[in-house]
Number of protein chains: 2
Amino acid sequence: MSPRLQRAPGVTIGDIAAAARVSRSTVSRAFTRPQLLSPETVDHVRAVATRLGYVGNQAARALSTGRFGNIAVVVPDIANPFFPPLVRSLQSAAETADLAVFLGDSDESAEREAKLIARLAPQVEGFVLASSRLSEELIRELAATRPVVLVNRDLDGIPRVLIDSSGGMTEAVMLLKKLGHQRIAYLAGPRDSWSDQQRREVLTSAASGLAVEVIEVGRPSYAAGRDSVSAIVRSGATAAIAFDDVVSQGVLAGLELRGISVPSDFSLIGCDDTLAALTTPALTSVSAGAATAGTAAAKLLIQLLEDPTAECVTIATHLVIRATTAAVTDGAMR
Amino acid sequence: MSPRLQRAPGVTIGDIAAAARVSRSTVSRAFTRPQLLSPETVDHVRAVATRLGYVGNQAARALSTGRFGNIAVVVPDIANPFFPPLVRSLQSAAETADLAVFLGDSDESAEREAKLIARLAPQVEGFVLASSRLSEELIRELAATRPVVLVNRDLDGIPRVLIDSSGGMTEAVMLLKKLGHQRIAYLAGPRDSWSDQQRREVLTSAASGLAVEVIEVGRPSYAAGRDSVSAIVRSGATAAIAFDDVVSQGVLAGLELRGISVPSDFSLIGCDDTLAALTTPALTSVSAGAATAGTAAAKLLIQLLEDPTAECVTIATHLVIRATTAAVTDGAMR
DNA sequence: TTGAAAGCGCTAACAT
DNA sequence: ATGTTAGCGCTTTCAA
């Protein structure tokens, strides 16, 4: 049976007190500190509350306790397929702890992110900042005020969930090497993205014996990927790893446009495994477990709310091989 | 143990009043109704407030005014690519009106949706319910309480944004007919989805001279689409329209698996245009303008907050032709 | 084990 | 144009 929705005037503690013939403090205690009451009283009050469809007024509670029961998650672009699974699992975990979640979309802008945070700050217990574009200074300033959990941003001393690309990226490079590729391209993501920085590093260090051409695509998008193909061709690479699956799809389209077939003429690997399993051909991708990260971030924040001790959670990645990688056929792109 | 110590250290109106040597109401008015005050007073108070780093306490404001400055958007599944663009544009429009937005993900469950709503209700001005799974009764009960805007749910008298598939669906059928198809399949969505109901109706009425085979796939997913291919083959259809792009991708994969090429052997059309433009091959799809709907819903709700008059906004769809449709080659599937 | 009463920070009559 | 006062719904001393 579905819970009843709150009625227009709102059922207050006073209403319950009257109906249950107890004082308002007793009603309050029945919910917040039931151990102080006799079990019968607790049961009775709760039964009445349920019957009346009582839902605590968070604003009033917050005013009294300073706790809001809300958290906020801020992302650069909820339409980027990396974030929805993260937000989804985040909200699910928050719900379990009876926390409501605000969503902020900064549109990849540090300025909008700051505004969003300022707007939300007065009514949330804490923040989850995913792929934050904010300056380190601003983040530290915020973190000094209230619990903050970072996702894919590595700031020492601030609780964070890091999706460690190194495993998957290394596997990707190894695979490409094994398949006979000698020159590969990396379609790089935004400069201020921690994930991108990490991927660049891993790539160059794992690529011994392999030439890596870094191609900047700016804001990662399908169009950016598609348009980067001329640069890829120019580089002479026979395989590419893209910053994410969206870019990867764009590259795929751009290659097909030029008559370059994947995987027979060219091998392609994406990252994050967001679109990869949902497309035809299915994309080889570095799986990032965004959903896992969302849950981890929520749990970390919830824990932080009680015990403000910094922590860092790392989530491993691995390569998921699908239809877009193959051995070089004649050693070079046609 | 004093929970009050956890309250965020904040500068209050009282502090400003003392520092500025005016009453608290003057301080309040300097922010909410400055036209009632002398310009000098306003400037002075605001200067002091800024110097002290004053940030209004939303909870207190809400408790006093009954206005929260928050709205909530509830979706069945934020990971479904239809919703992120909607939520994104919704939040953007809300931001313009200085409204913060809560996100609820009901996981396709009416019960969880009701819980979410009950939890959020005491701190939001209004709701946007996208593809709500709630019973009509519960929705009406909620709508009696506070402004509610429905997306893709058609309840008379309740403000709603309807993405009208009929235009796009008709175009799709016409195209298929023109291309020489005589028997097409419709991969149907969830029974309780308004969009699906509308699509079925349009399909059967627009398909004169065309045999339409309706194939139920249950909860729309990639796997469901892929697994429905045997039924498609059995039906003898040479083209298919899928309930959404995710199903469409699944069908595409299933067809390729059986050696049936799209579009040379089979024509495929998706709906919603979510994944369609981001994949290779790009998918022909009935564009649904989810982002437009999000903006429309936000605007409708904002308008409703001032003038509670019901309204219904309809958003037209059209067919976007991409690489997955073509004329029948030999009149039947190989 | 329960009740009475004092605020939390703010806004909005009602005064002046 | 500005001050005074009374709450909003809840939690939490302090009493009983």
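To find a chain, count down the sequence lines: A is the first, B the second, and so on, and within it residues start at 1.
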Between A:Arg219 and A:Asp107, does any NZ, NE, NH1 or NH2 come within less than 4.0 Å of an OD or OE carboxylate oxygen?
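Counted as a salt bridge, because a side-chain N and a carboxylate O are separated by less than 4.0 Å.
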Can you tell me how far the CG atom of B:Asn152 sits from the CH2 atom of B:Trp194, to the nearest 0.5 Å?
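Answer for the CG-CH2 pair, B:Asn152 versus B:Trp194, is 5.5 Å.
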Using whole Å, what does the distance between atom [atom2] of nucleotide [N] and atom [atom1] of [X] come to?
{"X": "B:Gln35", "N": "D:dT2", "atom1": "CD", "atom2": "P", "answer": "13 Å"}
{"X": "B:Tyr54", "N": "C:dG9", "atom1": "OH", "atom2": "C1'", "answer": "8 Å"}
{"X": "A:Phe68", "N": "D:dT11", "atom1": "CZ", "atom2": "P", "answer": "14 Å"}
{"X": "A:Arg24", "N": "D:dT13", "atom1": "CZ", "atom2": "C1'", "answer": "15 Å"}
{"X": "A:Asn57", "N": "D:dG7", "atom1": "CG", "atom2": "C1'", "answer": "14 Å"}
{"X": "B:Leu36", "N": "C:dC14", "atom1": "CG", "atom2": "P", "answer": "15 Å"}
{"X": "B:Arg33", "N": "C:dT11", "atom1": "CZ", "atom2": "P", "answer": "12 Å"}
{"X": "B:Arg29", "N": "C:dA12", "atom1": "CZ", "atom2": "C1'", "answer": "8 Å"}

When you measure from the side-chain N and O atoms of [X] to the phosphate of [N], is any distance below 4.0 Å, counting only OP1 and OP2?
{"X": "B:Ser64", "N": "D:dC8", "answer": "no"}
{"X": "B:Ser23", "N": "D:dT4", "answer": "no"}
{"X": "B:Thr41", "N": "D:dT2", "answer": "yes"}

Please determine, for the side chain of [X], which listed nucleotide ([options]) has the closest atom?
{"X": "A:Leu63", "options": "C:dT2, C:dT11, D:dG9", "answer": "D:dG9"}
{"X": "B:Arg61", "options": "D:dT11, C:dC14, C:dC10", "answer": "C:dC10"}
{"X": "A:Ala60", "options": "D:dT2, D:dG9, C:dC10", "answer": "D:dG9"}
{"X": "B:Thr12", "options": "C:dC10, D:dG3, D:dC14", "answer": "C:dC10"}

Using a heavy-atom cut-off of 4.0 Å across all strands, would you classify B:Ser38 as base, sugar-phosphate, or nothing?
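Contact class for B:Ser38: sugar-phosphate only.
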Could you check whether A:Phe31 gets within reach of a base, just the sugar-phosphate, or nothing at all, counting any heavy atom under 4.0 Å?
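Nothing, no nucleic acid heavy atom in range.
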Tell me whether the centres of the aromatic rings in B:Tyr54 and B:Phe31 are closer together than 6.0 Å.
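Ring centroids of B:Tyr54 and B:Phe31 are less than 6.0 Å from each other.
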Partners passing side chain to side chain contact (heavy atoms under 4.5 Å, CB included) against B:Ala94 (at least two apart in sequence or in another chain):
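Expected list: B:Ile71, B:Leu99, B:Val101.
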Under 3.5 Å, is there any donor-acceptor pair linking the side chain of A:Ser25 to the base of C:dA4?
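For A:Ser25, whose side chain was compared with the base of C:dA4, there is a donor-acceptor pair (under 3.5 Å).
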Just one of A:Val27, A:Ile16, A:Asp43 clears the side-chain contact (heavy atoms from CB on, under 4.5 Å) bar with A:Val48, so which one?
A:Ile16
